[in-house]
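What follows is a short report on a single structure.
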Amino acid sequence: MIIRSISSSKLKKLIFPLYLSAYTHKNPIPNSSPPILENVYTQNPAKTLVPPFLFSFRNYSTPIKIQSLPVSRDGNFEESISDVVCPGCGVKMQDSDQKQPGYFIKPCVKPPNYKTPINKNPVADEPEISFSLKRGLLNEDVEHENQENVEKPGQKGEKPVVCARCHSLRYYGKVKDPSVENLLPDFDFDHTVGRRLMSSSGARAVVLMVVDASDFDGSFPRKVAQLVSRTIEENSRAWKEGKSGNVPRMVLVVTKIDLLPSSLSPTRLEHWVRTRAREGGAIKLTSVHMVSAVRDWGVKNLIDDVVGLAGPRGHIWAVGAQNAGKSTLINAIGKCSGGNLSHLTEAPVPGTTLGILRVEGVLPRNAKLFDTPGLLHPHQISTRLTRDEQKLVHISKELKPRTYRIKVGHSVHIGGLMRLDVEELSVDSVYVTVWASPLIPLHMGRTENVSTMLEEHFGRQLQPPIGEGRSEELGKWLKREFHVNGNMWDSSSVDIAASGLGWFAIGLKGDAKLGVWTYDGVDVIVRNALLPNRSYDFEVAGFTVSKIVSTADRSSNKQRCDEKKRKLSDSTAEKPANPSTVDVASTTC
């Protein structure tokens, strides 16, 4: 009765001393501030006993906020971290919410005889019992042969448990839930990796800058090269002064060289790579390696060099742009070194690796190899494309040249992503060689007809982009002017490259003024020719032979035929609409 007559505010003041006197089996937990009533049992659930009527003051009308799962890009860099990290991408794994990154399904426990090998030896088709069976020798021989051929259970290495995202990328080549990608935080290289490289103490650091050979300037990590070069200069100066100075080693690894033509000279390629790397900010290169992780070219030499530079306890960091081939390279290193095989997820999808992955047992002694998330380069046009459009741009086979011999007033399109206009020439014609994915259709025609190409063929015959109106979503179509010159006809002298797409190789003996069109924000550069050779079979005017072009032509032809049939049916339907007029005219005549 007393409690009913007192207001709630006065009742709280009256009962609060009772709360402080809640009896415990041991001494209560000291706390300077009053504890929250809702969290009484969470502070000391096994010991503290609270009168049950105190819970009547909880405000049940207030909704409980569910915070999203915190996602970190640090991966398993620290050995003291107890969180389970996906061995494929480095994200922290969890099995509570499938809408959050790192979700995985715990595999069920299988019996020891799971997938027991089955004897698949065919039974001999004999009309009667053989003589060997009568002597009792066949059974022993067959059992002996089966014991040698049958693989023992557990002999094959068990597959690691990965997150649902890695499972979808490995077996289906796509991200399972694209909406989860938006929950991932941006990878801050300076905070996550840069501060460790700049440290003047700690383990010796070796930085593997992984660059894609088919998109060198687009995938070259300029900021990383400048950061490491500056750190090398500062720590070298400190070491000469007698201070602590951990000087990192910078190794440039050019991957996917199997995509370049086999006629390219290795000496010319290395000279070209060193020149471009120096212009990109890598002025303190320790060594340069040309490798192909798919065909194991140069991987053994890279391992020997890295082991010598890192020492017994060094840290090796694999750094590069998205889809440059870092995870594939590390898997190839584990395969060639003879150590523990790594299980990093490989997929032609940008941003496969999500967190730092510590790969142990691959290199000898206590050296550690770290795979880092790919750096996002917004100046690459491939970052704006959809997954289907990226498949067209992605280069998976050896590049083949497609050469045009054109004059002033003509243009060459690379799909709907890039165009070259020949505006002025000091000579009669120029050789233009396109180096890009063979899946992208090309077109050569007069410059005066480019507006028609943009309206009628972008998104149809000229893909990517795929679909009508898709080109407007990619950005504004801008022009850049370049003045180039060459001194020979037989080979290309200058490249005009677009990051994430490909390049035009220009061959001429004289001067030329060229206009290059692409989308705003895409990096377009002029450089010395990487591949000087051109094709001896020239392309003709119009569209190149392509499955995309033929499909678009069939679609447009079908649309025109349907339109004609519709008009014809409408005209035939209108003829008997007024028969009285025809009858009257015939009778009057």
Side-chain angles (χ1 to χ4, degrees), residues 77 187-213 215-240 244-257 269-291 293 298-299 301-322 324-327 329-330 332-333 353 356 358-359 362-363 367-375 377:
F77 173 78
F187 177 63
D188 190 353
F189 176 83
D190 295 338
H191 173 75
T192 308
V193 181
R195 60 186 179 88
R196 295 184 173 99
L197 296 178
M198 296 175 63
S199 177
S200 59
S201 60
R204 181 184 299 177
V206 178
V207 182
L208 300 181
M209 289 200 311
V210 183
V211 184
D212 186 355
D215 186 23
F216 186 89
D217 293 280
S219 61
F220 187 82
R222 298 186 182 94
K223 293 183 178 180
V224 176
Q226 297 172 1
L227 173 66
V228 177
S229 298
R230 185 170 60 252
T231 303
I232 291 175
E233 293 180 353
E234 295 176 357
N235 292 357
S236 297
R237 191 181 309 110
W239 181 77
K240 292 179 181 179
S244 176
N246 186 5
V247 181
R249 276 73 170 171
M250 183 164 50
V251 179
L252 179 61
V253 183
V254 182
T255 61
K256 306 180 184 180
I257 63 171
L269 177 60
E270 183 176 355
H271 176 73
W272 186 91
V273 166
R274 288 184 177 272
T275 302
R276 296 302 305 164
R278 193 180 303 111
E279 294 178 1
I283 58 178
K284 296 292 183 179
L285 282 178
T286 305
S287 59
V288 177
H289 290 269
M290 315 292 174
V291 301
V299 178
N301 295 334
L302 173 63
I303 295 174
D304 296 339
D305 187 18
V306 169
V307 169
L309 293 175
R313 294 181 299 274
H315 289 177
I316 300 95
W317 298 86
V319 181
Q322 292 182 356
K326 299 181 298 298
S327 300
L329 176 64
I330 293 178
I333 290 176
T353 305
I356 298 177
R358 183 179 69 250
V359 184
V362 173
L363 299 178
K368 298 177 182 178
L369 181 60
F370 296 95
D371 186 16
T372 61
L375 304 176
H377 288 175

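Just the heavy atoms: all of them, side chains too, but no hydrogens, waters or symmetry mates, feed the values below.
Heavy-atom minimum distance, Ala282 versus Met209: CB-CE, 4.1 Å. Residues Ala225 and Gly280 share a closest heavy-atom pair of CB-O, 4.5 Å. Of all heavy-atom pairs spanning Ala213 and Val254, the tightest one is CB-CG1, 3.6 Å. The shortest heavy-atom contact between Val288 and Met290 is CG1-CE, 3.6 Å. Across every non-hydrogen atom of Met250 and Lys284, the tightest pair is CE-O, 3.5 Å.
Using modelled atom types, one side-chain atom of Ser229 and one backbone atom of Gly281 make a donor-acceptor pair closer than 3.5 Å. Judged by distance alone, with hydrogens and angles left aside, the side-chain atoms of Ser219 form a donor-acceptor pair with the main-chain N or O of Asp212 at under 3.5 Å. A donor-acceptor contact shorter than 3.5 Å links the side chain of Thr255 to the backbone of Ala324. Under the 3.5 Å distance criterion, the side-chain polar atoms of Lys256 are left unmatched by any main-chain donor or acceptor of Ala293. With hydrogens and angles disregarded, no donor-acceptor distance shorter than 3.5 Å links the side chain of Arg249 to the backbone of Ala310. Although no hydrogens or angles enter the test, the distance criterion places no donor-acceptor pair under 3.5 Å between the side chain of Thr372 and the main chain of Ile356.
Side-chain contact between Ile333 and Val299: present, with at least one pair of heavy atoms (C-beta onward) separated by less than 4.5 Å. Side-chain contact between Arg276 and Phe216 is present, with at least one heavy-atom pair separated by less than 4.5 Å. Counting heavy atoms from C-beta on, the side chains of Pro221 and Val211 come closer than 4.5 Å. Annotation: side chain of Lys223 is not in contact with side chain of Leu375 (no heavy-atom distance under 4.5 Å). With contacts defined as side-chain heavy-atom distances shorter than 4.5 Å, the pair Asp305/Thr286 does not qualify.
Taking the six-membered ring where tryptophan is involved, the planes of Phe370 and Trp317 are essentially parallel, since the angle between them stays under 30° and well short of 60°.
The structure places CG of Leu369 at 11.0 Å from NE2 of His315, a figure rounded to the nearest 0.5 Å. Rounded to the nearest 0.5 angstrom, Leu285 CG and Arg278 CZ are separated by 8.5 Å. Distance check, rounded to the nearest 0.5 Å: CG of Leu252 to CD of Glu270 gives 10.0 Å. Rounded to the nearest 0.5 angstrom, Ile316 CD1 and Leu309 CG are separated by 9.0 Å. Between the CG atom in Leu329 and the CG atom in Asp371 there is a gap of 9.0 Å [rounded to 0.5 Å].
His377 meets the ring-ring contact (aromatic ring centres under 6.0 Å, His included) test with His379; sequence neighbours excluded. For Glu234, there are no side chain to side chain donor-acceptor pair (under 3.5 Å) partners at least two apart in sequence or on another chain.
Ion pairing between a basic and an acidic side chain is recognised when a charged N comes within 4.0 Å of a carboxylate O; Glu233 and Arg230 show no such pairing.
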